[in-house]
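Everything below concerns the one structure shown next.
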Amino acid sequence: MPTLNMIQALNDALKVEMRRDDRVVVMGEDVGVLGGVFRVTVDLQQEFGSERVMDTPLSEGGIIGTAIGMALYGLRPVPEIQFADFIYPAFDQIVNEMAKYRYRSGGQYTCPMVIRTPYGGGIRGGHYHSQSNEAYFIHTPGLKVVIPSNPYDAKGLLLSSIRDDDPVIFMEPKRIYRAVKGEVPEGDYTVPLGAAKIVQEGRHVTLIAYGAMMQETLQAAAKAAEEGLQCEVIDLRTLLPLDTDTVVQSVKKTGRCVVVHEAARTGGFGAEVSAILMEKAFLDLEAPVRRVTGFDTPFPYSLEHYYLPDANRILSAIRETAAF
Amino acid sequence: MPTLNMIQALNDALKVEMRRDDRVVVMGEDVGVLGGVFRVTVDLQQEFGSERVMDTPLSEGGIIGTAIGMALYGLRPVPEIQFADFIYPAFDQIVNEMAKYRYRSGGQYTCPMVIRTPYGGGIRGGHYHSQSNEAYFIHTPGLKVVIPSNPYDAKGLLLSSIRDDDPVIFMEPKRIYRAVKGEVPEGDYTVPLGAAKIVQEGRHVTLIAYGAMMQETLQAAAKAAEEGLQCEVIDLRTLLPLDTDTVVQSVKKTGRCVVVHEAARTGGFGAEVSAILMEKAFLDLEAPVRRVTGFDTPFPYSLEHYYLPDANRILSAIRETAAF
Amino acid sequence: MVPEVAAEDLISVLSENGIADKAVDPNLSNADLLNLYRLMVFNRVLDERMVKLQRQGRIGFYIGSVGEEATVMGSAFALQPQDWIFPSYREAGAAFLRGFPLRAFLCQLMGNREDLTKGRQMPNHFSARPYNIVSISSPVGTQLPQAVGAAMAARYRGDDSISLAYFGDGTSSEGDFHVALNFAGVYKAPVIFVCRNNQWAISVPLNKQTASATIAIKAKAYGIDGVRVDGNDLPAVYQVTAAAAAKARSGGGATLIEAVTYRLSGHSTSDDPRVYRPEDEVAQWKGKDPILRFRLYLEKKGIWTTDEDAELFRRVDADIVTTLKEVEAIPSPPAESLFDDVYAQVPPHLAEQQASLWAAQKEDH
Amino acid sequence: MVPEVAAEDLISVLSENGIADKAVDPNLSNADLLNLYRLMVFNRVLDERMVKLQRQGRIGFYIGSVGEEATVMGSAFALQPQDWIFPSYREAGAAFLRGFPLRAFLCQLMGNREDLTKGRQMPNHFSARPYNIVSISSPVGTQLPQAVGAAMAARYRGDDSISLAYFGDGTSSEGDFHVALNFAGVYKAPVIFVCRNNQWAISVPLNKQTASATIAIKAKAYGIDGVRVDGNDLPAVYQVTAAAAAKARSGGGATLIEAVTYRLSGHSTSDDPRVYRPEDEVAQWKGKDPILRFRLYLEKKGIWTTDEDAELFRRVDADIVTTLKEVEAIPSPPAESLFDDVYAQVPPHLAEQQASLWAAQKEDH
Ligand SMILES: Cc1ncc(C[n+]2csc(CCOP(=O)(O)OP(=O)(O)O)c2C)c(N)n1
Ligand SMILES: Cc1ncc(C[n+]2csc(CCOP(=O)(O)OP(=O)(O)O)c2C)c(N)n1
Ligand SMILES: [Mg+2]
Ligand SMILES: [Mg+2]
């Protein structure tokens with residue numbers, strides 16, 4: 001099995017699916033001739049031509065608006081938004097249109113499409129090349145939200161997302177685009193949407209994370225193990241719909257939970273996880289669910305290492321939770 | 001003291017502040033000659049002229065984008081977005097620009113402005129005239145989010161918001177625009193931002209709500225009282241920054257809490273309240289914090305009475321919480 | 001081909017009293033002409049009846065197209081059934097022209113159990129897949145880039161199908177208008193944009209909406225053709241749309257059509273236009289009523305009489321009233337349907353919410 | 001007044017070898033000409049030095065304006081100091097022209113403790129209130145409606161101040177471009193939009209960006225003046241901007257200026273343009289280098305020599321290197337500053353987060 005990084009795995013997924021299904025088209029700023037500013041779509045235009053791999057004008061609203069039209073008509077567009085920070089000019093098309101087409105038309109029209117977008121910090125990108133805005137999409141009924149943390153899942157989840165009959169926001173942790181490598185099967189396979197993965201079993205504290213934060217979380221778990229604290233680590237993979245069962249079962253077992261994300265704390269996805277555990281595991285909780293998150297500031301530049309949760313901050317939370 | 005409805009109180013606030021401060025300008029679709037589709041800005045153009053009360057082209061991005069420029073320059077714009085459902089074309093200007101100007105410029109430039117917008121259901125408006133999208137703004141550092149529930153607060157909070165040096169999203173519960181009336185002092189007074197109000201004291205269950213849901217919540221509290229359950233009812237008034245102290249103190253006293261909002265459940269503001277109580281009142285909680293919210297569907301039309309939390313659903317939650 | 005536009009040019013066929021300029025009359029068949037006339041009358045009577053219905057509290061809201069019927073019918077008639085229509089909210093006429101049943105329309109107004117859209121949206125926001133009429137949404141302009149995408153998809157699929165999107169003059173101010181026309185230009189998409197320039201966006205007149213000389217001239221910013229037509233002149237609207245459709249079908253790309261017309265009634269049942277616009281302006285435009293003009297044209301052709309006309313109005317209204325009675329008996333959608341169609345399958349968290357609603361209802365009853 | 005544009009017209013003063021068309025030369029004083037030349041050279045040398053610095057890993061990122069200096073300097077020079085500039089990200093030159101110190105610029109690149117913006121944004125996203133240069137953000141086009149609003153505010157205040165906003169050719173595709181120009185037209189705002197049409201938006205060439213004949217022609221969609229100028233010709237850019245500024249100041253409204261130029265280097269230090277554009281295109285534009293052309297003009301005027309030129313390049317580079325050494329010693333902003341300026345006052349939840357960061361740091365050390 002070849003060893004690929006995330007970019008290669010994603011590129012591979014696009015090739016596999018475009019060969020299999022001629023309804024799949026790719027579009028976005030710089031995705032064609034250049035192959036994307038992160039090279040995720042490299043070589044696609046050569047293989048599939050410029051009618052299936054489209055360099056678009058500089059307009060996120062136009063990209064998503066036209067992709068919706070294509071999806072309505074029966075294609076399976078996979079538009080790229082160059083950075084998640086730049087998705088907002090398309091926000092209306094995403095939350096009012098794409099997310100609601102099936103519902104509002106009584107199921108007559110559907111929008112099967114996947115918006116791929118790199119998100120997150122750690123690359124010294126400042127406010128506008130670092131945002132983690134998944135919470136906006138999680139609060140939007142009709143959307144699915146998927147965030148892989150490694151090349152294997154990246155390919156398998158992207159294939160599932162493209163084949164899904166509902167619109168998916170597929171967020172790629174750019175910080176580990178190249179840093180994380182792993183074995184990735186050639187050809188076709190899928191990782192199901194809506195299923196979290198227990199990455200590591202443990203009995204003292206449940207750690208819940210996704211995307212680039214899996215790296216920090218696993219590091220923290222390793223450090224905690226040195227202190228005798230065995231953490232159960234869950235990679236959510238799909239945030240919406242959430243695999244509530246896996247999360248709740250684990251916390252019922254451990255009685256303790258730390259949830260980690262880069263996004264700002266207030267109204268972030270950690271709040272939802274905490275609220276769900278409140279509702280579904282109250283009597284099993286031996287300590288309050290803790291959130292380790294970005295701060296409630298815009299994403300900074302020089303101080304991003306303070307802003308971003310790291311293994312130390314997660315470890316502190318594990319200790320406090322365990323000691324509660 | 002005159003008895004006014006919410007519309008009259010808001011209109012009065014705008015007049016008071018425009019007379020006091022010539023930096024205040026009002027702008028939006030149909031706000032001038034017509035006085036707004038809900039008549040909140042009625043008579044303003046006659047008194048203050050069309051350079052201060054501007055009918056704008058049909059573009060939310062243009063309204064907020066130009067208002068930001070005015071705020072940067074030193075004015076205090078109060079743009080109206082006709083329905084909160086239509087705010088998304090301005091989403092980029094709101095979350096990437098307005099919210100971050102102070103931070104990103106190191107405090108050199110600021111954006112003191114108030115976006116007024118009617119929100120919420122109960123008027124048979126369907127998907128696009130009923131949304132409660134406060135959670136998007138609450139997850140956006142740099143914004144303040146204010147939602148009044150009665151004419152007195154509406155006027156006092158709007159005056160505070162316009163005088164505040166930070167950008168405010170001021171959401172008006174259109175369902176009770178005319179239905180709720182109350183005594184409103186003439187002239188100038190303010191209700192402070194960041195301060196919740198205990199509307200009713202009680203010792204069994206804390207009820208937390210805001211905006212139009214205060215009506216349903218108070219009804220539920222009255223019914224609960226008939227059953228011997230004394231609810232403490234908190235009107236948040238400002239959602240961001242949240243008056244955490246008042247909320248936590250109350251729940252520490254009652255040990256039980258129900259939080260109510262119209263917005264969809266997943267990732268809604270109720271999750272944040274629940275997570276905060278998890279963190280700050282864990283040992284005092286005698287029952288899990290319950291959320292009574294809109295469902296995770298787009299806002300419906302014919303079935304909106306099922307979608308919207310009502311006194312009965314709140315009452316059920318109170319009973320379950322009390323009986324836990 | 002679509003003629004080029006100067007800012008002032010206004011293409012027309014019929015004079016205000018219904019005399020056709022023979023040189024440019026598209027010479028539709030008598031059957032087509034009568035059919036189109038009946039459709040316009042039907043639409044007009046329906047709109048007037050529905051406004052009354054709303055005043056009686058029998059429906060919650062209504063938004064019609066009084067005065068703009070020629071723009072809608074003339075343009076929709078120039079399409080083929082396989083062409084996709086992306087309406088704004090005043091183009092029920094285009095759906096009726098394609099056979100969308102009155103009953104289905106009324107069920108949508110009621111939001112009842114038979115409504116194709118399952119009572120999910122407010123009145124007039126219908127959706128009719130069998131007729132290639134895409135779902136309507138309230139946020140203005142969102143349909144424009146979508147229409148471009150559908151047109152591109154049809155071309156990619158090799159289908160002989162083009163898209164047509166409707167929008168209002170006010171909507172030309174939205175960013176979506178810009179990005180749609182720009183994409184259409186770059187990709188030479190087989191799409192037609194029909195602006196119903198009815199002079200007003202609720203209370204805002206065109207000269208406060210844009211300082212451009214016309215709407216049609218905005219096409220120049222996108223390298224596509226723009227054309228300005230008398231929107232109250234059905235043959236003229238038909239003609240320019242047919243030309244735009246032929247061009248789109250043969251790979252010639254997009255066209256922006258500005259149909260100059262007037263919204264004779266209030267913006268919707270929520271609106272009282274007397275607050276913001278002068279009565280004499282309205283009176284002037286009443287003189288240009290597209291239905292009146294078309295009737296005079298038919299009469300001059302000798303294919304229509306005043307007696308037939310009176311009878312038509314009477315019958316149409318009677319039909320509407322009858323169908324109305326039928327649909328008013330149909331119950332609301334079932335509560336459980338609230339959770340359908342959010343996704344292809346109901347996910348666990350929604351199933352749970354559905355169950356909780358059941359439980360609550362049982363408690364209530 | 002600002003001349004009307006046909007799609008093809010390109011206003012120019014200097015030929016490619018620096019010969020001025022006497023009839024239209026704005027005849028700037030020798031002192032101004034030399035000052036502008038020095039600024040352009042400074043900007044060029046700075047850009048080249050900073051790219052090297054990035055390659056050495058001493059700064060994280062850089063985005064410069066090589067090839068576009070005449071567009072930036074010529075336009076900024078036509079303004080008054082009280083006029084507000086809304087930059088995109090390639091107009092550091094406009095700031096230098098107004099006196100923004102090199103040291104402040106470098107501190108921003110480093111994101112250090114002395115940076116006026118407190119190390120909050122990535123390199124080149126500076127902000128300089130003392131010079132009426134508004135904070136830069138990455139999302140393209142957002143500055144355009146803001147510039148319109150500031151211009152309207154200045155007029156409302158009765159100030160003799162206008163706004164100028166810069167943007168790229170690619171940015172003309174965003175909705176914000178459309179809404180900004182439309183508002184400017186409707187309100188006759190005293191604003192100037194300067195499009196640096198450098199032919200590329202990262203890897204996307206202009207003909208894939210829009211099908212319109214020119215950028216300038218887009219002005220017609222908004223009822224404002226559009227003008228197309230050789231962006232590598234400083235006197236020409238100055239002249240059209242000065243005319244637009246005079247018009248704006250006297251109540252004549254907005255102007256869209258398309259400055260035709262070329263991005264001679266990569267999009268930024270993250271980009272390798274060889275992947276997507278032909279070398280000979282670049283070579284051709286190198287021959288039109290705005291600095292070279294301006295130098296030939298100065299030489300022909302007899303106010304500049306090749307010796308002076310060599311000395312200038314040498315001195316400018318030495319200055320940069322010296323200042324660089326100074327600023328590289330300045331430490332990062334203090335961790336606690338992370339929580340400042342989110343709001344005017346730090347609210348309780350942020351104070352709490354700040355305290356938790358303290359606690360964590362104490363634990364660490
Ligand atoms: C994005 C958005 N903003 C605001 C509204 C509220 N609104 C509904 S119709 C309308 C005016 C539309 O005018 P125009 O485009 O000219 O269409 P017309 O109603 O005249 O046919 C407005 C402002 C909306 N529906 N969508
Ligand atoms: C809203 C938004 N989308 C995408 C980007 C990513 N991006 C940065 S610069 C750029 C190209 C800009 O081209 P142009 O407007 O021509 O300006 P130039 O860089 O050529 O000066 C893109 C796509 C962005 N910064 N903002
Ligand atoms: Mg209109
Ligand atoms: Mg460019």
Side-chain angles (χ1 to χ4, degrees), chain A residues 22-23 25 27 51-52 54-75 77 89-90 92-93 96-113 141-144 164-167 193-194 238 240-245 276 280, chain C residues 84 86 108 115-121 125-130 134-139 141-157 159 161 163 165 174-176 178-180 182-187 189 191 333 337 340-345 347-350 352:
Chain A
D22 70 1
R23 295 172 306 169
V25 299
M27 57 200 295
E51 221 189 344
R52 282 186 77 188
M54 289 167 264
D55 276 318
T56 64
L58 208 183
S59 161
E60 292 72 19
I63 293 168
I64 303 305
T66 50
I68 290 172
M70 293 175 192
L72 294 173
Y73 195 85
L75 303 189
D92 189 38
Q93 287 286 348
N96 264 343
E97 300 290 316
M98 186 178 87
K100 295 180 174 53
Y101 247 108
R102 182 188 289 277
Y103 196 75
R104 82 181 195 208
S105 69
Q108 296 183 79
Y109 288 95
T110 63
C111 256
M113 56 187 277
L143 301 183
K144 296 185 174 176
D164 199 84
D165 289 331
D166 292 309
L193 303 192
T238 301
L240 184 68
L242 180 67
D243 183 354
T244 309
D245 280 352
I276 287 175
K280 296 189 187 291
Chain C
W84 280 40
F86 287 76
Q108 197 284 328
D115 169 20
L116 277 174
T117 60
K118 306 187 185 170
R120 298 259 173 72
Q121 283 214 75
H125 291 60
F126 60 87
S127 179
R129 175 115 212 186
V134 178
S135 158
I136 298 172
S137 77
S138 311
T142 51
Q143 71 278 18
L144 301 175
Q146 295 168 14
V148 177
M152 290 169 72
R155 179 177 57 195
Y156 170 68
R157 285 313 224 170
D159 296 348
S161 163
S163 294
E174 288 283 2
D176 271 350
H178 177 66
V179 306
N182 193 46
F183 273 60
V186 168
Y187 295 109
V191 62
S337 72
D340 296 338
D341 300 321
V342 183
Y343 300 95
Q345 271 94 39
H349 68 292
L350 275 178
E352 195 182 303

Establish, from distance only, whether the side-chain atoms of C:Asp159 and A:Tyr73 form a donor-acceptor pair under 3.5 Å. yes
Is the shortest distance from a Lys or Arg side-chain nitrogen in A:Asp22 or C:Arg157 to a carboxylate oxygen in the other one below 4.0 Å? yes
With respect to chain A, which residue among C:Ala154, C:Ala184, C:Pro347 yields the maximal number of heavy-atom pairs within a distance under 4.5 Å? C:Ala154
Using non-hydrogen atoms and a 4.5 Å limit, figure out which bit of C:Ser138 sits close to chain A: side chain, backbone, both or neither. neither
Among C:Val134, C:Val148, C:Leu144, which residue has the highest count of heavy-atom pairs closer than 4.5 Å to chain A? C:Val134
Using a 4.5 Å cut-off on heavy atoms from C-beta on, say whether the side chain of C:Gln345 contacts that of A:Asp166. no
Where at least one partner belongs to residues 141-153 of chain C, residue pairs that pass side chain to side chain donor-acceptor pair (under 3.5 Å), sequence neighbours excluded: A:Gln93-C:Gln146, A:Glu97-C:Thr142, A:Glu97-C:Gln146, A:Tyr101-C:Gln146, C:Ser137-C:Thr142
If we ignore hydrogens and angles and just use 3.5 Å, is the side chain of A:Arg104 paired with the main-chain N or O of C:Arg120 as donor and acceptor? no
Tightest non-hydrogen contact, residues A:Gly106 and C:Lys118, listed as O-CE, 3.3 Å
Would you check if the side chain of C:Tyr343 reaches a backbone N or O of A:Leu143 as a donor-acceptor pair within less than 3.5 Å? yes
Which bit of C:Asp115 is near chain A, if near means a heavy-atom gap under 4.5 Å: side chain, backbone, both or neither? neither
What part of C:Ala147 gets within 4.5 angstrom of chain A, counting heavy atoms only: side chain, backbone, both, or neither? neither
With only heavy atoms counted, which part of A:Leu75 is less than 4.5 Å from chain C, the side chain, the backbone, both or neither? side chain
Select one option (side chain, backbone, both, neither) describing which atoms of C:Ile136 are under 4.5 Å from chain A's heavy atoms. backbone
Option that, when pairs with chain A are counted at under 4.5 Å, heavy atom only, ranks first among C:Pro130, C:Gly149, C:Gly119: C:Gly149
Name the one of A:Met27, A:Met54, A:Glu51 that satisfies side-chain contact (heavy atoms from CB on, under 4.5 Å) with C:Met152? A:Met54
Test item: A:Gln108 side-chain N/O and C:Ser127 main-chain N/O as donor-acceptor pair under 3.5 Å: yes
C:Phe126 side chain near A:Ser105 side chain, heavy-atom distance below 4.5 Å: no
Minimal heavy-atom distance between C:Val186 and A:Pro57, with the atoms involved, is CG2-CG, 4.0 Å
C:Pro139 to A:Asn96 - nearest heavy-atom pair and separation: CG-ND2, 3.6 Å
Treating A:Arg102 as the side-chain partner and C:Asp341 as the backbone partner, does any N or O pair qualify as donor plus acceptor under 3.5 Å? no
From the list A:Thr244, A:Asp165, A:Thr56, the residue making the most non-hydrogen contacts under 4.5 Å with chain C is A:Thr56
Not counting sequence neighbours, which residues clear ring-ring contact (aromatic ring centres under 6.0 Å, His included) with A:Tyr109? List them please. C:Trp84
